[in-house]
Amino acid sequence: MTVYAVLVGIDAYPDQPLYGAVADIDAAHEFLVRRAPGARVLELTDGRATRGAVIDGFREHLRRAGPGDVALFWFSGHGRRHAVPDVHRWVEPDGWLQTLVCVDSGERLPDGTATPDLLDKELSLLLAEVAERGPHVVVVLDSCRSGGATRDLPGSGVVVRSLEPVAPAAPGAYLPGVEGYLPPPGDTHVLLAASRADEVAHEVPIGGAGLRGAFSHALLGALASAAATATYRDLLTLAHSQMLGFGLLPQHPVLAPPHAGAADQPFLGGAVVPPAPFRLRLGAVGWEVDAGRCHGLPELTADTTPLFTVAGRPDRVLRVEAVDAVSCRVTPLGWDPGFDEVYPVVLATVPVPPCTVVVGAHPGDNPVAAERVRAALRTAGPGGGPSPDVRTAAPDDSVTGPRLCITAPLRDGRPVFRVLRADGSPAAPDVPGHDPASAARVVAVAEHVARWETLLRLDNPLSRLAGAVRVEIVAADPDGGPVDGRPPLRPADDGRIRLVYRRVGESWVAPQVVVRLHNDASRPLWCTLVDLTDRYRAHTRLFPCARVAAGGVAAAAEGRPIPVTLPRGRPVAPGASARDWLKLIVTEEPATGLSFELPALGEPVTRGALDPRAVAARLRRGAPTREMGVEDDHVAGGDWASVVLPVVTMVPG
């Protein structure tokens with residue numbers, strides 16, 4: 001493996017200089033020499049960091065990296081933003097394009113035009129050119145990702161890496177092909193960014209070493225203290241904790257892609273480690289876990305105290321003290337977390353699991369096998385405790401929420417366990433056998449179905465955000481034309497959108513759609529679109545958590561037409577169908593998307609897949625954020641809402 005790196009640091013801006021960007025690059029270079037001896041590093045600092053030199057760094061240096069190699073781009077300097085042009089409005093839901101400010105940005109050229117910033121779309125195009133050769137691609141951006149801030153925070157010694165927004169240059173000034181450019185689908189690179197799109201990045205005093213980029217210094221500190229196997233996700237968590245030591249900077253680093261996969265491998269590449277959905281982290285007022293009401297964590301009462309444990313360490317317990325919309329404050333019980341460690345956590349107990357299961361109540365059920373299922377339920381939780389996902393109930397119990405039945409019949413003369421829905425229909429394939437191992441397997445199936453059902457039912461009926469964001473599905477033009485003028489599909493009387501395969505010659509062609517989100521509120525909101533499938537899978541790949549501008553419109557899959565196909569293994573034949581439920585989670589602060597993911601039932605946990613026993617859907621149904629009729633103007637800890645749009649895809653008979 002060879003590491004190819006382009007390290008860009010600019011202090012010498014003509015009008016608004018910085019003071020720690022070159023020092024960031026020197027430190028990053030020193031780290032690379034230690035971590036990857038033989039790394040081929042191109043360092044562009046101050047006067048050498050022109051727009052042309054940065055572009056050449058991608059095309060003439062990073063493009064030398066091939067399969068098995070690593071291509072790293074690190075930028076420390078000013079950032080800026082431009083109003084998003086119409087052609088990119090689907091890709092930038094917050095309404096802005098971000099830019100990197102090169103040392104010659106704004107310089108007048110002989111023809112009277114000015115040298116433009118490097119647009120984020122140009123950066124995407126350059127990264128795609130590098131990625132198509134097959135290396136592992138990493139990007140670190142320590143610059144402001146929005147604008148409109150002053151350079152200095154008076155009296156603090158802190159410098160903001162931001163310049164005022166400017167009008168974009170003429171289209172011909174940018175790289176050919178960037179207008180309307182969309183990066184290829186899939187995870188082409190891992191991004192570690194210093195701040196959210198609506199925040200600025202800072203330089204802070206570091207002892208006697210002068211100013212340094214808060215994010216670069218914290219990230220390099222995390223790399224120095226963490227194990228070599230720490231993933232990008234781990235490192236970002238550690239870096240954020242270290243940044244809190246600089247004071248309460250309004251800056252939150254960002255990881256992309258946010259879903260499980262590329263970000264769950266070590267720095268500079270390696271094997272993907274399936275992540276836990278939640279992490280313990282140091283927050284502004286103490287230890288917190290990134291699980292909140294929008295994930296289903298219940299409001300606290302005298303009788304409800306959820307507990308988390310560190311994954312694989314059931315002796316390390318965390319008691320929930322307060323619940324916010326997207327996170328909760330916790331107290332470690334009998335142990336002290338380390339500030340330089342990462343702790344993936346799982347929910348260990350909830351006062352009342354959200355889903356009930358009736359065991360062995362059908363005629364013909366084997367009573368010994370049924371008792372084995374009950375025993376498995378009593379030990380299915382972390383540390384050998386009761387399952388936090390399902391609780392046993394009698395057939396005549398009056399309960400709310402999802403309800404399942406586990407039966408233990410003979411089928412064709414062979415013993416099986418069956419998981420049935422409340423209406424008696426099978427929820428999953430039969431599990432062969434009546435032995436203890438089969439009982440444990442059928443409990444795992446029931447837990448998976450319960451987590452999926454709970455996620456589908458997550459709701460906050462008293463939210464002030466209800467109806468703030470609309471989801472609409474538009475049929476894509478089969479000839480590739482624009483969809484702007486096409487009306488959205490209307491649900492049928494049963495509330496479902498119906499999509500139909502069409503026959504072309506001897507083949508069936510899947511329908512293609514564009515999914516759009518409309519924020520009708522007067523303020524920006526964070527949106528996460530969860531696709532729940534009829535194979536009990538849940539994922540957020542269509543639209544991971546992103547900020548949608550007030551009055552703005554965003555599109556899933558960056559506006560690309562989405563083919564809606566039957567699942568693998570389901571024949572495309574007349575009468576075949578599949579169901580999806582598009583669930584939109586709307587929050588006032590970003591919510592972790594990992595906690596909304598589940599593999600399909602029966603899928604093995606593979607590279608990039610989550611452990612199905614550790615997902616957020618095991619949390620109980622979210623409680624309302626305020627009481628009916630209370631007209632308070634503030635919802636403690638933030639508000640959240642959800643909406644579900646059912647979709648049926650069918651092959652005409």
Side-chain angles (χ1 to χ4, degrees), residues 20 24 27-28 31 74 76 79 138-146 158 160-161 190-204 206 212-227 230-260 263-267 275-292 308 310 318 324-330 332 337-345 526 544-547 587 589-595 638:
D24 290 345
F31 167 79
W74 192 309
S76 287
V138 190
V139 181
V140 179
L141 299 181
D142 193 354
S143 60
C144 173
R145 302 202 65 206
S146 59
V158 175
V160 175
R161 290 184 171 178
V190 177
L191 168 67
L192 302 169
S195 61
R196 297 174 185 163
D198 59 329
E199 296 174 337
V200 295
H202 299 87
E203 292 188 345
V204 295
I206 304 295
R212 288 284 305 278
F215 178 62
S216 289
H217 184 74
L219 178 59
L220 288 167
L223 284 164
S225 63
T231 67
Y232 292 105
R233 199 178 306 277
D234 296 334
L235 292 169
L236 203 76
T237 302
L238 281 176
H240 191 193
S241 294
Q242 293 195 19
M243 288 168 68
L244 291 174
F246 304 139
L248 298 180
L249 298 176
Q251 180 178 342
H252 300 80
V254 173
L255 176 72
H259 48 256
D264 300 298
Q265 55 188 313
F267 190 77
F278 301 125
R279 274 169 165 71
L280 175 68
R281 63 192 183 193
L282 183 63
V285 293
W287 293 103
E288 62 182 35
V289 171
D290 51 355
F308 288 90
V310 175
L318 303 160
D324 199 341
V326 298
S327 63
C328 61
R329 183 163 49 84
V330 297
F339 292 92
D340 57 351
E341 293 187 51
V342 176
Y343 299 96
V345 300
W526 293 85
C545 187
R547 187 172 180 260
T587 53
E589 292 292 326
T592 175
L594 283 177
S595 49

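Values in this document were obtained by computation on a predicted structure and should not be read as measured data.
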Test Tyr343 against Arg279 for side-chain contact (heavy atoms from CB on, under 4.5 Å), laying out the working first. CA-CA 6 Å; Tyr343 299 96; Arg279 274 169 165 71; over 6 Å; no

Between Leu219 and Val140, does a side-chain contact (heavy atoms from CB on, under 4.5 Å) hold up when you go through it step by step? CA-CA 10 Å; Leu219 178 59; Val140 179; 3.9 Å; yes

Trace of the side-chain contact (heavy atoms from CB on, under 4.5 Å) decision for Phe31 with Phe267: CA-CA 12 Å; Phe31 167 79; Phe267 190 77; 3.7 Å; yes

Check the pair Asp290, Val326 against side-chain contact (heavy atoms from CB on, under 4.5 Å), reporting the backbone distance first and the verdict last. CA-CA 6 Å; Asp290 51 355; Val326 298; over 6 Å; no

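Here the closest non-hydrogen pair linking Ala218 and Gln242 is O-OE1, 3.6 Å. In terms of heavy atoms, Ala194 sits closest to Asp142 at CB-OD1, 3.5 Å. Closest approach of Cys328 to Phe308, counting heavy atoms only: SG-CE1, 3.9 Å. The heavy-atom pair separating Val345 from Leu280 by the smallest distance is CG1-CB, 4.0 Å. Across all their heavy atoms, His259 and Leu594 have their closest contact at C-CD2, 4.0 Å. Closest non-hydrogen pair, Ser195 versus Ser143, comes out as OG-O, 4.1 Å.
Put simply, the side chain of Gln265 never gets that close to the backbone of Tyr232: no donor and acceptor are under 3.5 Å apart. Judged purely by atom type and a 3.5 angstrom limit, Glu288 has no side-chain atom pairing as donor or acceptor with the backbone of Arg281.
At a threshold of 4.5 Å between non-hydrogen side-chain atoms, the residues Val254 and Leu191 do not count as touching. Within the 4.5 Å cutoff, no side-chain heavy atoms of Leu220 are placed close to those of Phe215. Residues Trp74 and Ser216 are in side-chain contact: their nearest non-hydrogen atoms beyond the backbone lie under 4.5 Å apart.
Taken to the nearest 0.5 Å, the CG atom of Leu235 stands 5.0 Å off from the CG atom of Leu223. Note that the CG atom of Leu238 and the CE atom of Met243 stand 13.0 Å from one another [nearest 0.5 Å]. Note that the CH2 atom of Trp526 and the CZ atom of Arg196 stand 5.0 Å from one another [nearest 0.5 Å]. To the nearest 0.5 angstrom, Ser241 atom OG is 6.0 Å from Trp287 atom CH2.
Using a cutoff of 4.0 Å between basic side-chain nitrogens and carboxylate oxygens, Glu589 and Arg547 are not scored as salt-bridged. For the pair Arg212 and Asp24, the salt-bridge criterion is met [side-chain N within less than 4.0 Å of a carboxylate O].
Side-chain atoms of Thr231 and Asp234 form a donor-acceptor pair, as typed in the model, at a separation below 3.5 Å.
Shown are Pro544, Cys545, Pro590; of these, the side-chain contact (heavy atoms from CB on, under 4.5 Å) with Pro258 is made only by Pro544.
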